[in-house]
Structures are given as structure tokens and as C-alpha cells.
Amino acid sequence: MTPTPSRRSWVTEPGESLVDLASAPTHPFILMTRFAGFLDETGLPANAIVSPDSIAFPLAPHWPDEDPYPSMSGGLLWHPLFWLPLEVSLPSVSKHPVTGELSMEGTDEFGLRVALELEGSGLYDAETGTWLDVLMTFAGLDADDPAVQQRVLAFFAGADDAELAGIDLQPILATADDAASNPNWASDVAAGLAVDHARVRTLMGLVTFGEIIANEGRGLVAPGDDSPAEPKLLAESLAPALAALHLPDLIAIEGGAQVPAEQHFGQTADYLEQHEAAGDADYPVILDGLSRVIDLLTAGLDAELEAIAAKHQEADTDSE
């Protein structure tokens with residue numbers, strides 16, 4: 001007998017796909033807010049959570065032979081993320097067909113694969129922006145009931161519970177149309193999407209950094225503080241963050257030479273570090289230079305985003 005689905009809203013909005021760049025949020029502040037909210041709702045430590053740049057929600061892998069969710073609270077016990085089969089909820093390991101070398105799935109591909117599984121199976125519904133309430137659907141349990149929360153937490157900690165042990169999402173995951181012909185469909189698609197998703201996150205991060213500079217760092221030191229940040233603090237905060245982005249795009253520097261943008265940002269960060277104690281760098285000029293490079297890198301942002309979104313929509317059509 002197929003259980004009657006019960007659904008809940010959590011974080012996502014109606015019409016928001018977990019993987020389609022045309023609808024999934026990419027603004028870093030949104031992602032940071034969701035990560036912080038996930039920590040608050042679950043009570044999990046940050047080191048138990050994986051937050052891929054490729055998706056707009058965090059993951060909580062359940063590693064074998066470990067307490068699955070140490071110090072977890074009851075906020076999200078109903079969520080499919082905590083009931084996924086191990087083969088879905090953990091990064092996959094593949095063997096090279098020639099060398100036999102084993103490699104673990106990258107974080108971005110891991111996130112996209114899980115997101116594809118969730119959306120492809122209906123555990124997440126993009127149209128309504130809702131998730132399957134696993135506890136209510138399969139066991140008729142109200143996850144907001146403190147007694148139910150204690151029961152589930154005890155089960156996660158190793159207590160015997162035949163009813164909860166019988167919850168199995170594998171049949172739902174296996175009903176995705178693509179899975180019928182290719183059990184590894186999500187991994188195959190994720191590998192193709194990961195590069196584009198990482199690029200979009202990087203570009204949107206650049207836009208955010210540009211906005212911070214244009215706004216003179218207002219609110220950077222203390223939320224709600226409308227006073228401009230000190231140029232020294234702003235430059236020393238942003239240059240290393242920009243240097244950490246993957247930006248092989250070539251830019252022209254003084255003298256006409258072309259260097260990767262990530263190298264330029266790295267050199268700027270190194271220069272600021274060397275002058276940090278003396279504080280004698282021309283910080284407004286450095287910030288202006290960072291802003292000009294950001295504007296150069298994001299000049300074709302709309303066209304690049306449209307091209308990526310079109311490619312993904314074409315891939316979605318081909319898989320239907």
C-alpha cells in the first residue's frame with residue numbers, strides 16, 4: 001500500500017528548483033543564511049554539515065559506524081535528508097577504468113547528485129517548494145511532538161525501533177524515470193552540471209563583493225551599522241576572499257601583461273598582508289582597483305548566465 005504523502009515547507013520557495021540555475025538562489029548571503037538556519041534548527045555542529053557551493057541548501061551525511069547525528073535537536077527530524085539511504089547520502093567513490101585508482105566524488109558533484117535524487121523522486125517538489133514529511137508519511141508521526149522527537153533521536157542513537165527502522169526511501173528514489181534505465185543517472189548529470197554551478201556561484205560572489213565595495217562596507221562590521229567601514233579593514237577583508245575564488249579569467253594589468261584574475265587578487269592580498277602592520281598602503285586606491293576588476297569580470301554576467309541556463313534547460317528536456 002502506497003502511503004499518502006504529507007509535505008512541509010522548509011527554506012525553499014514555490015517554483016524554486018534545487019538544481020536549475022534559472023530558479024535556484026545564488027546570492028551568497030542567502031546561502032549563508034540558510035546554512036546558519038540549518039545549524040540552529042538541527043543543533044548539529046558545523047563540522048557535521050556539508051555546504052556545497054553548487055546547491056542552495058546544506059547536507060548532513062550519515063557516515064557508517066558513527067553516531068549519525070551527534071547532539072542533534074528535534075527541529076528537522078521529518079526531513080528526507082536524514083532518512084536517505086547511505087549510498088545516496090554519502091559522497092560516492094568511483095574506480096578509474098584504466099588505472100583502477102579510487103576517487104571520491106567532489107563536494108559540488110555530491111551536492112548536485114543528492115539534489116537531483118531529491119527532486120527527481122518527488123521527495124522535493126519544485127512547483128510547491130515543499131519536501132516530503134517522512135515521519136508523517138511513513139509512520140503517521142508528528143515531528144513537532146516532543147515525545148516523537150525523543151523517540152527518533154533515541155533511534156538515531158542506536159535504540160531498537162522496528163517502525164522507524166522500516167522507513168525506506170529507496171523505493172521512492174528508484175521510481176525516477178531516469179533511474180529505470182540508468183541507476184547512475186544522477187551522478188552522470190551532476191558531473192556535467194557541477195562546473196557551471198561553481199562558475200555561477202563564483203560570479204554571484206563577485207557581484208556581492210562589488211556591492212560591498214560600492215556601499216563602502218556599510219554593515220560589514222556590525223549588521224545594521226550604516227557607517228562606512230575603514231578602507232584598511234575593507235581591503236584586508238575582501239582581497240583574500242577574492243583570491244580564494246576560482247577565477248582563471250585573464251585580465252590586463254599595468255604594463256599590458258595579462259594574468260589570471262585569481263592571481264591578481266592573490267598578489268593584492270599578499271601586498272596588503274605585507275603592509276598590514278605599517279598600515280601605509282593606499283587603501284582607497286586598492287579598493288577602486290578591486291572594484292574595476294570585478295566590473296570587468298562581471299560585464300558579461302547576464303549573457304553567461306542565460307547561456308548556462310539554456311544549456312541546463314536543454315539537458316532537462318533531453319532527459320524527459
Side-chain angles (χ1 to χ4, degrees), residues 25-37 39 45-47 49-54 56 58 106-108 194-305:
T26 54
H27 198 295
F29 286 171
I30 295 177
L31 306 184
M32 290 167 59
T33 299
R34 290 186 175 185
F35 180 80
L39 291 177
N47 62 7
I49 295 173
V50 176
S51 186
D53 292 335
S54 56
T107 302
D108 286 340
V195 173
D196 286 341
H197 275 254
R199 176 66 176 173
V200 170
R201 304 291 180 192
T202 296
L203 291 174
M204 296 308 297
L206 279 176
V207 170
T208 300
F209 288 132
E211 292 171 348
I212 291 173
I213 295 174
N215 202 34
E216 299 180 302
R218 288 177 169 83
L220 183 64
V221 177
D225 183 358
D226 199 40
S227 57
E230 291 290 334
K232 180 177 185 294
L233 172 64
L234 193 56
E236 291 176 348
S237 299
L238 294 184
L242 287 165
L245 297 176
H246 178 59
L247 287 165
D249 312 59
L250 294 177
I251 61 168
I253 59 174
E254 188 175 351
Q258 289 195 324
V259 300
E262 58 194 6
Q263 178 180 328
H264 171 73
F265 288 138
Q267 292 170 342
T268 303
D270 291 342
Y271 174 82
L272 289 169
E273 184 177 4
Q274 294 166 7
H275 290 261
E276 181 178 6
D280 57 354
D282 193 337
Y283 299 103
V285 170
I286 288 173
L287 287 169
D288 183 61
L290 293 176
S291 181
R292 283 188 284 107
V293 173
I294 289 172
D295 288 343
L296 177 65
L297 293 170
T298 57
L301 175 63
D302 289 343
E304 187 167 356
L305 292 180

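Index from 1, following the sequence.
- With contacts defined as side-chain heavy-atom distances shorter than 4.5 Å, the pair Thr268/Val293 does not qualify.
- The two atoms that bring Pro52 and Thr107 nearest to each other are CB-O, 3.5 Å, heavy atoms only.
- In terms of heavy atoms, His275 sits closest to Tyr283 at O-OH, 3.7 Å.
- Considering every non-hydrogen atom in both Leu297 and Leu203, the closest pair reads O-CD2, 4.2 Å.
- Arg34 and Ala56 get closest at one heavy-atom pair: NH1-O, 2.9 Å.
- Across every non-hydrogen atom of Thr202 and His246, the tightest pair is CG2-O, 3.7 Å.
- Taking both residues in full, the closest heavy atoms of Leu272 and Ala239 are given as CD1-CB, 3.7 Å, listed atom of the first, atom of the second, then distance.
- You'll find the side chain of Glu236 stays beyond 4.5 Å of the side chain of Glu273, heavy atoms only.
- Counting heavy atoms from C-beta outward, Ile286 and Tyr271 have side chains that approach closer than 4.5 Å.
- Among Val285, Leu242, Asp295, the single residue meeting the side chain to side chain contact (heavy atoms under 4.5 Å, CB included) criterion with Leu290 is Leu242.
- Atom NE2 of His264 and atom CD1 of Ile253 lie 8.0 Å apart (nearest 0.5 Å).
- Under a 3.5 Å cut-off, the side chain of Ser291 and the backbone N or O of Leu287 do not form any donor-acceptor pair.
- Within the 4.5 Å cutoff, no side-chain heavy atoms of Leu245 are placed close to those of Phe265.
- Counting only heavy atoms from C-beta outward, the side chains of Asp249 and Leu296 never approach each other to under 4.5 Å.
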